[in-house]
Number of protein chains: 2
Amino acid sequence: MSAALELVGKGRHFASLGIREVTRQAGVVPTSFYRHFRSMDDLGLQLVDELGLVLRRMMREARGNVLQADKLIEESVGIFVAHAQANRSFFMFMAQGLAGESRAVQEGIRSEMRFFASELANDLRRLRLMQHLSDADLDMTCDLVVRTVAFSLTDLLSIAADDDYQVGQVRKRTSRFLQMIFVGAGHWQSESGTAL
Amino acid sequence: MSAALELVGKGRHFASLGIREVTRQAGVVPTSFYRHFRSMDDLGLQLVDELGLVLRRMMREARGNVLQADKLIEESVGIFVAHAQANRSFFMFMAQGLAGESRAVQEGIRSEMRFFASELANDLRRLRLMQHLSDADLDMTCDLVVRTVAFSLTDLLSIAADDDYQVGQVRKRTSRFLQMIFVGAGHWQSESGTAL
DNA sequence: GGTCTATGTGTACAAGTGTTCACTAATGTG
DNA sequence: CACATTAGTGAACACTTGTACACATAGACC
């Protein structure tokens, strides 16, 4: 699994990896592959499971570190970016998998994102934020937030990991996106029938 | 090029396609490939160019058909969904390419999206909408809109093309996302420093 | 009609592919 | 200690792959 991630981290697409290639990178003979996985799709699925762990660690850290509510967005985005940088290959795999060729992997990643969104909704409830929104509307908002962050991932992964200026730009832009979404959420319902 | 698209439409990932496979699908001998393309990456780049045409056709239709401003979002999303359905393989290629393994294709698609966003901004200006936003803020808003729609693409492409109910759901959800964004844009600046 | 260009064909080759099978070394458990 | 399980090995198989080269054909243009 690490070997596959390393190859992805080097710019390869998961869908184009072969069994021999992965085992070669792992410094192991091709037949050994079958001791652990039935197929490449299987490996992909197990990677999705591990991705879930990475995301949960990230959530835990975010919950611990975001203290003052007025910088909630900036700090959360910062933590996200930091984790994405620290686990670049993992997040590349995630970005690839969303439109990948294994339906199962695709669904797995999608489900991780749903989980993430619902946890975010719970956190907002716990913090007594956005209390005027119905449950459904809060869920929708969080879904939109998670999608927006996920898309920023592709920005982040397409620039050099050590290009601090560009990374800063991505962080700033993502924060503003989220601010706009939350401004919209703040004025939701009251006028959701008007304008445009 | 059509052959490659057909394979993508069948669920394959572009990055995993080989020259022989594509030419086989095209009903032509492998060596013929080199008459038209230098490599698979090259083929991908030409597909991006053609994708640009598809997107422009879509914009033109949207501009022609969106008459009453109060249904602007619903109608635009409807047109987008219709085009995505009619050119499923093309849009699959686009979704794949965003996190694909060819840097050039990636950048090409990204650039098409930027163009799309800037055209959208121009249209809004022409319609005298969102006039309280600075140019930069309008651009940002349109960027966010385009990203949101692009992400909906992955929802759309992951469900059966003839599942009208689910397609309707995607359309409805996408519209609500955009509404929320525009509500946010409508209240931008005035209070962009407050709350959350 | 002769020539040029674009496209496609057939053969060939070295290298890489997924999978199988029988074998081996290490590990922890009774 | 004996034994079962787990992880790794090496050789072999039938294919598939990218690419090179010389050759064929059909249409456009003088």
Side-chain angles (χ1 to χ4, degrees), chain A residues 1-54 89-90 92-93 96-97 99-109, chain B residues 1-53 89-90 92-93 96-97 99-108:
Chain A
M1 289 168 70
S2 326
L5 274 188
E6 285 161 28
L7 290 170
V8 166
K10 284 199 181 95
R12 301 290 313 279
H13 195 291
F14 185 79
S16 77
L17 298 182
I19 288 175
R20 287 186 112 105
E21 203 178 356
V22 171
T23 55
R24 197 182 309 130
Q25 172 80 20
V28 128
V29 101
T31 29
S32 280
F33 181 89
Y34 296 99
R35 298 284 175 208
H36 307 272
F37 316 100
R38 239 201 304 284
S39 63
M40 265 302 188
D41 274 20
D42 187 21
L43 198 171
L45 279 178
Q46 297 198 213
L47 275 179
V48 171
D49 290 347
E50 218 175 274
L51 175 66
L53 300 181
V54 174
S89 315
F90 247 122
M92 278 191 173
F93 171 73
Q96 293 181 354
E101 86 181 347
S102 154
R103 190 55 62 114
V105 167
Q106 223 172 108
E107 192 44 52
I109 292 178
Chain B
M1 290 167 69
S2 325
L5 274 188
E6 286 161 27
L7 289 169
V8 166
K10 285 199 180 94
R12 301 291 313 279
H13 195 291
F14 184 80
S16 77
L17 297 182
I19 288 175
R20 286 187 112 104
E21 205 178 354
V22 172
T23 55
R24 198 181 309 130
Q25 172 79 21
V28 130
V29 100
T31 31
S32 280
F33 180 89
Y34 297 100
R35 298 285 176 201
H36 307 271
F37 315 100
R38 240 201 303 283
S39 65
M40 266 301 186
D41 274 19
D42 187 21
L43 198 170
L45 280 179
Q46 298 200 213
L47 275 179
V48 171
D49 289 347
E50 219 175 275
L51 175 66
L53 300 182
S89 314
F90 248 120
M92 278 191 173
F93 171 73
Q96 293 181 354
E101 85 180 348
S102 154
R103 190 55 62 115
V105 167
Q106 223 173 108
E107 192 43 52

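Distances were taken from every side-chain heavy atom of V29(A) (C-beta onward) to each of dC21(D), dG10(D), dT17(C); the shortest belongs to dG10(D). The side chain of V28(B) approaches dG8(C) more closely than any other nucleotide in the set dT20(C), dT17(D), dG8(C). When each of dA20(D), dT17(D), dT19(D) is scored by its nearest atom to the side-chain atoms of P30(B), the top-ranked nucleotide is dT19(D). Between dG8(D), dG18(D), dT9(C), one nucleotide has an atom nearer to the side chain of R20(B) than all others, and that is dG18(D).
A side-chain donor-acceptor contact under 3.5 Å links S16(B) and E101(A).
The shortest distance between the side-chain N/O atoms of H36(A) and the OP1/OP2 oxygens of dT6(D) is not below 4.0 Å. Close to dT9(C), at under 4.0 Å from its OP1 or OP2, lies a side-chain N or O of S32(B).
Of the options D41(B), L51(B), V48(B), a side-chain contact (heavy atoms from CB on, under 4.5 Å) to V105(B) is made by V48(B) and by none of the others.
When rounded to the nearest whole Å, the span between CG of L43(A) and P of dG18(C) equals 12 Å. In this structure, CZ of F37(A) is placed 11 Å from P of dA7(D), rounded to the nearest angstrom. Atom P of nucleotide dT19(D) and atom CG of D42(B) are separated by 12 Å, given to the nearest angstrom. One can place CZ of F33(B) at 15 Å from P of dT9(C), the figure rounded to the nearest angstrom. I19(A) has its CD1 atom 18 Å from the P atom of dC15(D), to the nearest Å. dT16(D) atom C1' lies 15 Å from atom CG of L17(B), rounded to whole Å.
To the nearest 0.5 Å, the span separating CZ on R103(A) from CD on E107(A) amounts to 9.0 Å.
Each of R35(B) and M40(B) lies near DNA chain D, and the nucleotide nearest M40(B) is the one positioned closer to the 5' end.
Between the side chain of Q106(A) and the main chain of G100(A), a donor-acceptor pair closer than 3.5 Å is present.
Nucleic acid contact for R24(A): sugar-phosphate only, since backbone atoms but no base atoms lie under 4.0 Å from a heavy atom of the residue. Within 4.0 Å (heavy atoms only), Y34(B) reaches at least one base atom of the nucleic acid.
Between V54(A) and E50(A) the shortest side-chain heavy-atom distance does not fall below 4.5 Å.
Under 3.5 Å, the side chain of T31(B) and the base of dG8(C) form no donor-acceptor pair of N or O atoms.
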